[in-house]
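Contents: one structure, followed by commentary.
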Amino acid sequence: MSTRVVGTAGHVDHGKSTLITALTGIDPDRLQEERDRGMTIDLGFAWLRTPGGTDVGVVDVPGHQDFIRNMLAGVGSIDAVILVIAADEGVRPQTREHLAILGLLGIDRGVIALTKRDLIDDEWAELVRAEVGTALAGTPLATAPVVEVSATARTGLDELVSALERVLGDTPLRRDTGRPRLPVDRAFTMAGFGTVVTGTLLDGDLAIGDEIELVPSAARARIRGLQTHRLALERAVPGTRVAANLSGIDKDAVARGMVVVRPGTLAPTSSISLHLAVLASASDALAHDDLVKVHAGTAEMMARVNVLEGDAIAAGASGWVQLRLAAPIAIAVGDRVVVRRPSPSETLGGGVVTDTTAARARRRAETVASLERRSAPSASSRLLASLDVPRTAVEAGERSGLDAAGRDAAVTEALASGEAIALADALVARPGFEFLATHVLRVCAQGHRRSPLRAGVPREEVRTAVDLPPKRFGALVARLVSDGRLVERGALLALPEHRPQLSPEQEASWVRARGALLRDPSHPPTPAQLQSEHGLDRELIAALDERGDLVRIGTEAVFLPETVSRFADLVVTELASAPSITVARARDLSGSSRKHVLPLLQYLDDHGLTRRQGDDRILVLTPDAARARIRTLIHAGEDRS
């Protein structure tokens, strides 16, 4: 069975509550004060079932201008409206303001109920219909059906329900993104049950037993029971008027304007950006730094206006603004807001939320350009605009106001076109990727200038500078390496063209040290001796090793490449005819000492030529393969001598 929600709208004393009572048999005026005064003050609720079997929840709103805040809390989540106009009075000021609010909220479906038809004659009725047509011209309700009714005489009621059923039949079903939101429009305590909240459920299902979070308070509770139209439910679906019985929370901790969500699925924000349309009927322009009241869902909050284009938005015009809220509220990209001037009280305008980033927006052209991309008509364009930095697909979808299906299709399209790039669990638009890539390359270039002798910049140093989680940084590096824009040298990263560079003084020191190494290659000086006697510190030795002029083994052994190559050839030749070689035999063959032979044998082990077996070594590769491996490892070789 389908379920819909409609709301009333219209001037005070035009018979909204009386009409709803006649249609549903339920008096929506809950408060004794409302009944005593004969005027709706707060939201009222009723329901009916159409002949076609559609359950319709009805939100009755106050018409008096003093209670416009309550009206706004009630109409934000409706599927269609019953705009009530008394036939004996016609279009009045609150008719026009409510009509403007409906337009700002994107409510473009409804039925016009001309009430109190029994109080006027046919000629007057024609005049009123003409006036209504003029008032509706150019609005989303310009083609809405007009039905003449009398609640007291009970005429036209069936026609009104039939017209409403036809309108609702053409209304798309509420989307289901799997992230339910229940904006609270009423909270109360029920004897024997505890805390109950009501609202119109959006964007997903809620079920008995679900843990929920109240945003922005962050209080947690659990759903003990669910009802719609006093019918108990196990699960409530989007677009349903819901009463949720919450356990584990006191009624005083809940208030209108809060939103019931699944924990962690909606973060409160104190800043929203949107393209705000100012009504032509506004008494004055909306100026930068004006104080306004923002109505979003069932919430209302004072805010300062940050006009991002110029200094003001004239009546009848529109422009990008950021609203800096006095306190956080629960709101999502794609939600609509209405902005009112607190004094003198009037509705100024509204629009669709494009961004909920808390950072203060700068009044620059690039800020506006970014917001315009975020509000682009295509899902792919909106998704890409939200991927200025790496984000998960879910995060990007939320920032773009996309449901799951639209998000997944946009992700597939963006990746296929190359406009987005995957970085582990995240995506980033190509401009964002290039920004990160440039940052990585810049950090490496700076590191090379700072330490020209080093083979590269420590990987973690680069990651910290770029400020990416390890997995995403790893994916970024892998992409840059595959593109030939970066090289990995162990735990170091470097630009492909970077080679350790020695100063003339360092080159001279190396020439002297090389002479000492050549005098007795099998018994080379230690690193400490190279530093004290020839000025080769450990950083310079590392640079010479990287350049291929030296082979550094561990921390205490340094050899010329040709010495390592000759030693390896001796060992391989021996093992080509012998099953194994001892340390003593390697010492005798090379004419070296045990002190120097041990690191050389370890070098062969480490690079997969030999393997230790007890105290001896055995050959792992064929002799030819072993010699080829040594030629690959030793970059300098004998041709450097």
Side-chain angles (χ1 to χ4, degrees), residues 1-10 14-28 43-61 71 74-87 95 98-99 102-103 105-118 125 129 132-133 136 139-176 198-202 227-231 233 236-243:
M1 186 178 297
S2 61
T3 303
R4 297 292 191 164
V5 179
V6 301
T8 63
H14 275 208
K16 294 185 292 298
S17 299
T18 302
L19 176 62
I20 298 308
T21 302
L23 288 173
T24 67
I26 301 168
D27 184 355
L43 301 178
F45 307 97
W47 59 89
L48 61 89
R49 179 171 295 174
T50 68
T54 299
D55 275 351
V56 180
V58 183
V59 182
D60 186 37
V61 306
M71 179 268 182
V75 297
S77 303
I78 63 176
D79 295 304
V81 65
I82 303 174
L83 180 61
V84 177
I85 302 173
T95 309
H98 282 201
L99 190 58
L102 294 171
L105 291 173
I107 299 166
D108 56 2
R109 292 175 172 83
V111 178
I112 314 304
L114 285 183
T115 57
K116 306 184 182 182
R117 178 61 177 84
D118 56 318
R129 290 179 73 100
V132 169
L136 295 177
T139 75
L141 296 178
T143 60
V146 180
V147 181
E148 299 176 6
V149 299
S150 170
T152 55
R154 301 196 63 80
T155 58
L157 299 180
D158 291 342
E159 290 83 351
L160 179 61
V161 172
S162 296
L164 185 62
E165 186 170 40
R166 288 194 299 274
V167 168
L168 292 173
D170 295 334
T171 304
L173 294 173
R174 289 284 180 173
R175 68 177 188 173
D176 186 346
T198 68
T200 301
L201 183 59
L202 307 173
Q227 284 191 3
T228 183
H229 309 159
R230 295 184 182 170
L231 175 68
L233 303 171
V237 299
T240 306
R241 280 295 305 172
V242 173

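All values derive from a computational prediction rather than experimental measurement. In this chain, numbering begins with 1 at the start of the sequence shown.
Between L168 and D79, some side-chain heavy-atom pair lies under the 4.5 Å cut-off. For the pair P140 and L102, the minimum side-chain heavy-atom distance is 4.5 Å or more. In this structure, V111 and V147 have side chains that are in contact, with non-hydrogen atoms separated by less than 4.5 Å. The closest side-chain heavy-atom distance from W47 to R241 is not below 4.5 Å. Side-chain contact check for V59 versus V75: every heavy-atom pair is 4.5 Å or farther apart. L157 is listed as a side-chain neighbour of L19, based on a closest heavy-atom distance under 4.5 Å. When side chains are defined from C-beta on, I85 counts as touching L114, because their heavy atoms get closer than 4.5 Å. The shortest distance between side-chain heavy atoms of S77 and V5 does not fall below 4.5 Å.
One distance of note links CD1 of I26 with CG of L48; it measures 8.5 Å at 0.5 Å rounding. Interatomic distance, CD of Q227 versus CG of L233, reported as 8.0 Å (0.5 Å rounding). Here the CZ-OG1 distance, from R174 to T240, works out to 10.5 Å after rounding to the nearest 0.5 Å. The structure places CG of L83 at 6.5 Å from OG1 of T95, a figure rounded to the nearest 0.5 Å. For the atom pair CG of L99 and CD1 of I112, the computed distance is 7.5 Å after rounding to the nearest 0.5 Å.
Under the side chain to side chain donor-acceptor pair (under 3.5 Å) criterion, R109 pairs with no residue at all, not counting sequence neighbours.
When the options V81, V56, I78 are evaluated for a side-chain contact (heavy atoms from CB on, under 4.5 Å) with V6, the one that passes is V56.
For V149 against G156, the heavy-atom pair with the smallest separation is CG1-O, 3.3 Å. Residues T18 and A151 come closest through the heavy atom pair CG2-CB, 3.7 Å. Considering every non-hydrogen atom in both A163 and P145, the closest pair reads CB-CG, 4.3 Å. Minimum interatomic distance between L201 and A236 (heavy atoms only, all atoms of both residues): CD2-O, 3.4 Å. Taking all atoms of both residues into account, the shortest heavy-atom contact from P238 to R175 is CB-O, 3.7 Å.
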Show your reasoning for whether side chain to side chain contact (heavy atoms under 4.5 Å, CB included) applies to L23 and V161. CA-CA 8 Å; L23 288 173; V161 172; 3.7 Å; yes
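Listed for the T115 side chain is a donor-acceptor partner under 3.5 Å among the backbone atoms of H14. The backbone N or O of V84 sits nowhere less than 3.5 Å from a side-chain atom of K16 that would complete a donor-acceptor pair.
In summary, the side chains of D60 and T8 do present a donor paired with an acceptor at a separation below 3.5 Å, with no hydrogens or angles considered.
Pairs engaging residues 160-173 under the side chain to side chain donor-acceptor pair (under 3.5 Å) rule: T50-E165 [sequence neighbours left out]. Each salt bridge (Lys or Arg N to Asp or Glu O under 4.0 Å) pair with one or both residues in residues 145-159, not counting sequence neighbours, appears once here: R117-E148, R129-E148.
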